[in-house]
Amino acid sequence: MDIFERIAGNRGPLGQYSKDAHGYYTFPKLEGEIGSHMMFRGKKVLTWSINNYLGLSNHPDIRKADIDAATEWGLGYPMGARMMSGQTSKHEQLEDELADFMEMESCYLLNYGYQGFMSAIDALVSRNDVIVYDSECHACLVDGVRLHQGKRFVFPHNDIDKCKTQLDRANKIVAETGGGILLITEGVFGMSGDQGKLKEIVELRKQGYDFRLMVDDAHGFGTLRRKRSRSW
Ligand SMILES: Cc1ncc(COP(=O)(O)O)c(C=O)c1O
């Protein structure tokens with residue numbers, strides 16, 4: 001029986017399958033040069049699972065920049081969290097360049113997507129706020145939402161009517177708490193490749209729904225249109 005069939009219907013701890021899954025479903029080892037084809041268990045395979053959409057990771061200019069940086073500063077630089085002792089003018093330069101690229105006023109750079117989203121959600125809401133989010137949001141968003149001490153309502157993936165229903169529910173609550181609504185979705189959903197319904201969501205604002213919007217664009221950034229909507 002396939003491991004997925006055995007897991008389906010089993011309510012016990014998933015760890016019991018780790019031996020079967022290790023090296024295949026979990027911790028798979030892709031070897032060779034990063035690219036569209038890599039070696040997996042001695043076979044050349046097509047790689048669908050790496051975050052190299054723009055094909056830049058192995059670009060000679062990028063590799064050279066890595067080498068130059070390591071030669072100039074060493075791999076340990078700058079030694080410390082940015083907030084404490086690790087801030088550098090290179091961080092600031094990258095933030096300025098990313099903000100220009102996105103045509104935004106400013107940008108804040110975080111080392112990891114996962115922790116970045118969890119902490120950004122925490123920074124954006126108080127217990128008086130309500131979060132409304134898409135059911136297929138990435139695990140980092142779901143974990144961020146779980147930390148939220150106020151109410152949270154999920155809507156079925158990309159279902160704008162159900163999203164409106166949840167916004168209505170959220171509205172009733174914030175009318176009492178004095179908080180606001182944070183709507184969370186993605187630009188391109190990582191597992192299905194669907195695009196988030198951002199136009200329709202922006203349209204809801206024009207229809208009078210009041211909320212702030214957070215978009216995880218891990219899979220859309222740089223691959224789709226980069227200009228922000230002027231109508232927001
Ligand atoms: C949609 C989405 N958001 C956030 C993350 C987390 O990013 P990171 O791997 O940089 O922590 C991922 C990772 O795959 C992702 O797919």
Side-chain angles (χ1 to χ4, degrees), residues 14 21-31 34-36 38 40 45-59 62-63 65-66 69 75 78 81-83 86 88 90-91 94-95 97-99 101-102 104 107-125 131-148 152-160 163 182-202 211-226 228-229:
L14 284 178
H22 192 85
Y24 197 86
Y25 295 112
T26 60
F27 297 89
K29 226 181 321 180
L30 286 168
E31 292 171 303
I34 294 170
S36 56
M38 292 174 74
F40 177 58
V45 295
L46 191 59
T47 42
W48 290 99
S49 58
I50 58 173
N51 300 334
N52 188 30
Y53 304 128
L54 306 178
L56 291 175
S57 63
N58 242 353
H59 191 284
I62 305 269
R63 290 179 76 147
D66 279 347
L75 288 174
R82 281 180 70 192
M83 206 175 78
T88 70
K90 295 290 174 198
H91 288 103
L94 180 55
E95 286 178 339
E97 288 178 14
L98 286 170
F101 179 74
M102 293 303 294
M104 293 283 181
C107 153
Y108 192 74
L109 192 64
L110 295 149
N111 290 25
Y112 301 102
Y114 208 108
Q115 287 162 2
F117 270 104
M118 279 180 71
S119 41
I121 292 172
D122 194 41
L124 287 175
V125 289
I131 296 180
V132 173
Y133 65 105
D134 188 287
S135 61
E136 281 190 17
C137 277
H138 185 264
C140 65
L141 300 168
V142 175
D143 282 350
V145 169
R146 279 187 183 143
L147 290 178
H148 175 47
R152 59 219 188 196
F153 298 126
V154 64
F155 58 92
H157 176 51
N158 267 345
D159 185 333
I160 295 298
C163 174
L182 180 67
L183 197 158
I184 306 179
T185 188
E186 295 191 19
V188 175
F189 285 83
M191 298 309 282
S192 59
D194 290 347
Q195 288 190 32
K197 296 209 168 162
L198 301 183
K199 271 193 199 142
E200 289 85 342
I201 288 172
V202 169
F211 55 85
R212 288 178 295 162
L213 176 62
M214 173 184 237
V215 179
D216 179 342
D217 208 17
H219 302 281
F221 183 82
T223 63
L224 297 178
R225 202 170 76 103
R226 74 174 190 225
R228 70 174 159 162
S229 162

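Throughout, numbering of the chain's residues begins at 1 and tracks the sequence. Counting starts at 1 for both ligands and their atoms, following the listed order.
Taking Leu75 as the reference, Ala70 meet the side-chain contact (heavy atoms from CB on, under 4.5 Å) condition, with sequence neighbours excluded.
Side-chain contact between Cys107 and Met102 is absent, with no heavy-atom pair separated by less than 4.5 Å. When side chains are defined from C-beta on, Met118 counts as touching Leu147, because their heavy atoms get closer than 4.5 Å.
In this structure, Phe189 has its ring center closer than 6.0 angstrom to the ring center of His157.
Contact check on Asp143 versus Arg146 returns a salt bridge, with a Lys/Arg side-chain nitrogen under 4.0 Å from an Asp/Glu carboxylate oxygen.
Between His138 and Tyr114, the ring-plane angle classifies as perpendicular under the 30° and 60° cut-offs.
Pocket lining of ligand 1, defined as residues with a non-hydrogen atom under 4.0 Å away: Gly113, Tyr114, His138, Cys140, Glu186, Asp216, Ala218, His219.
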